Amino acid sequence: MPRTKSAAKQARASVRKQSHNKSIKSRLHTLENKLLSLVDAKKPVEAAEAYRALSSALDKAAKVQVIHRNTASRKKSRLAARLKTAAAA
């Protein structure tokens with residue numbers, strides 16, 4: 001239980017931020033799973049579109065510090081490599 005008004009306000013803000021961040025991370029996981037399923041199904045055109053959507057979402061999440069920018073960069077790099085190998089095969 002918060003002892004001061006400012007601590008109570010901070011607790012409320014923390015709950016709001018947690019909810020917002022959770023929804024963004026959930027969307028990222030959904031987009032990533034969609035991309036991976038398209039790569040596994042060997043659909044390079046649809047996978048490329050899904051990669052662009054995921055890349056944009058990762059950059060936006062990193063911009064507002066939901067995820068770290070290096071995490072976004074690492075995920076984009078690894079997924080691009082998987083997309084490239086799938087397109088070549």
Side-chain angles (χ1 to χ4, degrees):
M1 193 69 199
R3 290 178 177 260
T4 63
K5 283 185 178 182
S6 60
K9 183 175 180 179
Q10 182 60 41
R12 290 192 306 272
S14 181
V15 169
R16 280 195 305 271
K17 289 177 188 175
Q18 181 183 22
S19 173
H20 185 249
N21 291 346
K22 188 172 184 177
S23 70
I24 292 173
K25 285 186 179 187
S26 176
R27 182 167 183 273
L28 291 176
H29 291 307
T30 302
L31 289 171
E32 186 173 356
N33 289 336
K34 181 179 177 184
L35 172 62
L36 294 176
S37 67
L38 289 170
V39 168
D40 291 341
K42 298 188 181 0
K43 297 183 178 179
V45 176
E46 293 93 335
E49 291 176 18
Y51 175 76
R52 280 195 295 276
L54 177 58
S55 179
S56 175
L58 285 168
D59 286 337
K60 287 177 183 177
K63 184 173 76 174
V64 293
Q65 298 174 354
V66 173
I67 60 173
H68 196 275
R69 60 187 154 86
N70 291 354
T71 302
S73 181
R74 184 179 66 245
K75 281 184 175 283
K76 285 170 32 180
S77 175
R78 290 178 182 173
L79 291 169
R82 281 185 76 164
L83 184 63
K84 186 176 179 182
T85 59

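Predicted, not measured: the structure shown is a model, and the values here were computed from it.
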Spatial distance of atom CG (Leu58) from atom CG (Leu79) [nearest 0.5 Å]: 7.5 Å

Side-chain donor/acceptor of Thr85 to backbone N/O of Arg82, under 3.5 Å: yes

All side chain to side chain contact (heavy atoms under 4.5 Å, CB included) counterparts of Ala8, not counting sequence neighbours: Pro2, Arg12

Which atom pairs, donor and acceptor, lie under 3.5 Å between side-chain atoms of residues 28-45 and protein residues at least two apart or in another chain?
{"from": "Thr30", "atom 1": "OG1", "to": "Ser26", "atom 2": "O", "distance (Å)": "2.9"}
{"from": "Glu32", "atom 1": "OE1", "to": "Lys75", "atom 2": "NZ", "distance (Å)": "3.4"}
{"from": "Asn33", "atom 1": "ND2", "to": "His29", "atom 2": "O", "distance (Å)": "3.3"}
{"from": "Ser37", "atom 1": "OG", "to": "Asn33", "atom 2": "O", "distance (Å)": "3.4"}
{"from": "Ser37", "atom 1": "OG", "to": "Lys34", "atom 2": "O", "distance (Å)": "2.8"}

Qualifying side-chain hydrogen bond (donor to acceptor under 3.5 Å, both in side chains) pairs, either residue in residues 46-70, two or more places apart: Asp59-Lys76

Separation of Lys9 NZ from Lys5 NZ (nearest 0.5 Å): 11.0 Å

